[in-house]
S.K.: 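Pasting a structure below so you can have a look.
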Amino acid sequence: MSRTVLLVEDEAPIREMLKFVLEQSGFNTVEAEDIDAAQRQICEPYPDLILLDWMLPGGSGVQLAKSLKQHEYTRDIPVIMLTAKGEEEDKIRGLDAGADDYVTKPFSPKELVARIKAVMRRVTPTTNEEPIEFNGLKLEPISHRVTANDEPVEMGPTEFKLLHFFMTQPERVYSREQLLDNVWGTNVYVEDRTVDVHIRRLRKAISTYSHDRMIQTVRGAGYRFSTKM
Ligand code: CA
């Protein structure tokens with residue numbers, strides 16, 4: 001069944017480009033040019049995801065994101081914000097308002113589709129079995145296979161689980177403790193240091209084509225999987 005993405009963007013050329021890209025990737029699209037139109041379009045059946053522009057006539061996308069997250073019926077619809085500039089403050093405000101991710105303009109269609117799929121995977125774990133790929137690094141959950149530029153990559157089961165977790169939660173920072181909970185499970189007693197050991201092994205395993213650069217250390221916070229350097 002096709003998923004529906006609601007496109008909230010006032011600039012017609014961008015909206016048309018988004019519609020084209022998404023429909024090429026098998027999504028249905030619904031369009032809205034401002035906040036009023038978006039609110040009219042958000043009704044049953046609810047869209048599976050909302051792509052929300054930051055700057056809109058008659059109010060900002062942040063306001064809309066906030067109000068969606070306050071209502072019981074729309075709270076669970078994932079929102080990806082489109083921001084014009086890559087300003088750190090904007091990103092933080094967007095995520096604070098309840099956006100699930102953000103994409104900075106100008107973006108590549110490929111990256112946008114990857115982000116949409118990643119957010120959908122996060123909210124609907126049933127699709128967790130689909131192969132995931134970033135920059136030529138591919139992980140196939142069903143066969144437990146990892147390839148880098150189509151060449152097989154060997155790694156231990158913990159590194160595989162860690163990589164799987166990272167690839168399904170891109171652009172989010174996780175503390176060592178959160179990684180332990182999510183990858184090792186809450187009933188396992190291991191030291192935080194263990195995370196570092198496995199991160200090191202994972203990086204080494206995927207270093208042939210520099211894919212280890214996507215596993216980033218965030219000082220004082222933990223680790224993040226990111227395609228941005
Ligand atoms: Ca705009």
Side-chain angles (χ1 to χ4, degrees), residues 1-130 132 167-173 227-228:
M1 205 179 74
S2 258
R3 313 268 198 112
T4 302
V5 177
L6 171 61
L7 307 171
V8 189
E9 163 66 75
D10 56 312
E11 285 164 77
I14 300 180
R15 214 167 56 230
E16 273 156 36
M17 184 272 281
L18 291 169
K19 182 179 160 72
F20 177 79
V21 167
L22 293 180
E23 289 184 354
Q24 285 268 303
S25 301
F27 294 103
N28 287 326
T29 57
V30 178
E31 298 170 65
E33 60 195 15
D34 55 31
I35 289 186
D36 285 346
Q39 264 155 348
R40 280 196 305 273
Q41 298 283 12
I42 302 166
C43 50
E44 282 192 85
Y46 295 108
D48 294 286
L49 185 137
I50 301 172
L51 211 50
L52 181 57
D53 188 31
W54 186 278
M55 298 291 285
L56 290 166
S60 85
V62 177
Q63 282 173 274
L64 181 61
K66 262 191 192 148
S67 85
L68 290 173
K69 296 297 169 183
Q70 276 161 7
H71 292 92
E72 193 188 336
Y73 297 109
T74 51
R75 176 183 296 160
D76 296 328
I77 306 172
V79 174
I80 297 182
M81 300 277 320
L82 297 173
T83 67
K85 303 158 280 179
E87 285 183 4
E88 206 59 35
E89 209 174 297
D90 280 2
K91 289 173 195 168
I92 293 164
R93 277 211 294 151
L95 295 174
D96 275 352
D100 295 81
D101 202 355
Y102 58 85
V103 172
T104 308
K105 292 181 195 172
F107 46 81
S108 81
K110 219 176 149 186
E111 185 197 350
L112 179 71
V113 169
R115 295 293 198 85
I116 289 175
K117 287 184 176 169
V119 168
M120 283 181 168
R121 263 197 301 273
R122 206 150 67 206
V123 296
T124 47
T126 43
T127 55
N128 245 346
E129 302 294 286
E130 281 173 38
I132 318 161
M167 290 178 90
T168 49
Q169 323 285 330
E171 308 300 336
R172 298 221 149 185
V173 179
T227 52
K228 297 170 194 165

S.K.: List for me each residue that meets side-chain contact (heavy atoms from CB on, under 4.5 Å) alongside Ser60, sequence neighbours excluded, and say none if there are none.
M.R.: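 Scan of Ser60 (side-chain contact (heavy atoms from CB on, under 4.5 Å), adjacent residues dropped) gives Val62, Gln63.
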S.K.: For side chain to side chain contact (heavy atoms under 4.5 Å, CB included), just list the numbers for Thr227 and Glu171, CA-CA rounded to whole Å, side-chain angles, deciding distance to a tenth of an Å, and then say yes or no.
M.R.: CA-CA 8 Å; Thr227 52; Glu171 308 300 336; 3.7 Å; yes
S.K.: Could Asp100 and Lys69 be called an ion pair, given the rule that one side-chain N must be under 4.0 Å from one carboxylate O?
M.R.: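 Here Asp100 pairs with Lys69 in a salt bridge, since their nearest N and O are under 4.0 Å apart.
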S.K.: Report the C-alpha distance between Met120 and Phe27 in whole Å, list the side-chain angles of each, state the deciding distance to 0.1 Å, and finish with yes or no for side chain to side chain contact (heavy atoms under 4.5 Å, CB included).
M.R.: CA-CA 12 Å; Met120 283 181 168; Phe27 294 103; 3.7 Å; yes
S.K.: How far apart are the closest heavy atoms of Leu56 and Leu52, and which atoms are they?
M.R.: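 Nearest pair, atom of Leu56 first, then Leu52: CD1-CD1, 4.0 Å.
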S.K.: Suppose we screen for side-chain contact (heavy atoms from CB on, under 4.5 Å). Which residues come up paired with Lys66, at least two apart in sequence or across chains?
M.R.: Ala97
S.K.: Would you name the heavy atoms of Leu64 and Ala38 that are closest together and state the gap between them?
M.R.: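 Result for this residue pair: CD2-CB, 3.8 Å.
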S.K.: Grab the two heavy atoms, one from Arg172 and one from Ala99, that are nearest each other, plus how far apart they are.
M.R.: NH2-O, 4.4 Å
S.K.: Can Glu23 and Thr29 be counted as having a side-chain donor-acceptor contact under 3.5 angstrom?
M.R.: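 A donor-acceptor contact under 3.5 Å links the two side chains.
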S.K.: Is it true that a side-chain atom of Glu31 and a backbone atom of Arg15 form a donor plus acceptor pair closer than 3.5 Å?
M.R.: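 Side chain of Glu31 to backbone of Arg15, a donor-acceptor pair under 3.5 Å: no, none is there.
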S.K.: Given Leu68, which of Ile77, Val79, Asp76 fulfils the side-chain contact (heavy atoms from CB on, under 4.5 Å) condition?
M.R.: Val79
S.K.: Less than 4.5 Å apart, any side-chain heavy atom of Tyr46 and any of Thr74?
M.R.: yes
S.K.: Let me confirm one number: the OG1-CD distance from Thr104 to Glu111, rounded to the nearest 0.5 Å.
M.R.: 8.0 Å
S.K.: Check residues 4-12 and write down every donor-acceptor pair under 3.5 Å in which the side-chain atom is one partner and the other belongs to a residue at least two apart or another chain.
M.R.:
| from | atom 1 | to | atom 2 | distance (Å) |
| --- | --- | --- | --- | --- |
| Glu9 | OE1 | Lys105 | NZ | 3.1 |
| Glu9 | OE2 | Glu11 | N | 3.0 |

S.K.: With a 3.5 Å distance limit and no angle check, can you tell me whether Arg115 reaches the backbone of Asp101 through a side-chain donor-acceptor pair?
M.R.: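 Pair absent, no side-chain N/O of Arg115 close to backbone of Asp101.
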S.K.: Which heavy atom in Met81 sits nearest to a heavy atom in Ala65, and how many Å separate them?
M.R.: SD-CB, 4.3 Å
S.K.: Between Arg3 and Asn28, does a side chain to side chain contact (heavy atoms under 4.5 Å, CB included) hold up when you go through it step by step?
M.R.: CA-CA 6 Å; Arg3 313 268 198 112; Asn28 287 326; over 6 Å; no
S.K.: To check you understand the geometry: which heavy-atom pair defines the closest contact between Pro170 and Thr168, and what is its length?
M.R.: CD-C, 3.3 Å
S.K.: Less than 4.5 Å apart, any side-chain heavy atom of Gln39 and any of Ser67?
M.R.: yes
S.K.: Working to the nearest 0.5 angstrom, can you tell me the gap between Leu82 CG and Trp54 CH2?
M.R.: 11.0 Å
S.K.: Show, in sequence, the C-alpha distance, side-chain angles and deciding distance for Asp53 and Thr83, and conclude whether the side chain to side chain contact (heavy atoms under 4.5 Å, CB included) test is met.
M.R.: CA-CA 6 Å; Asp53 188 31; Thr83 67; over 6 Å; no
S.K.: Does CZ in Phe107 sit with more than 12 non-hydrogen atoms of other residues, nucleotides or ligands closer than 6.0 Å?
M.R.: yes
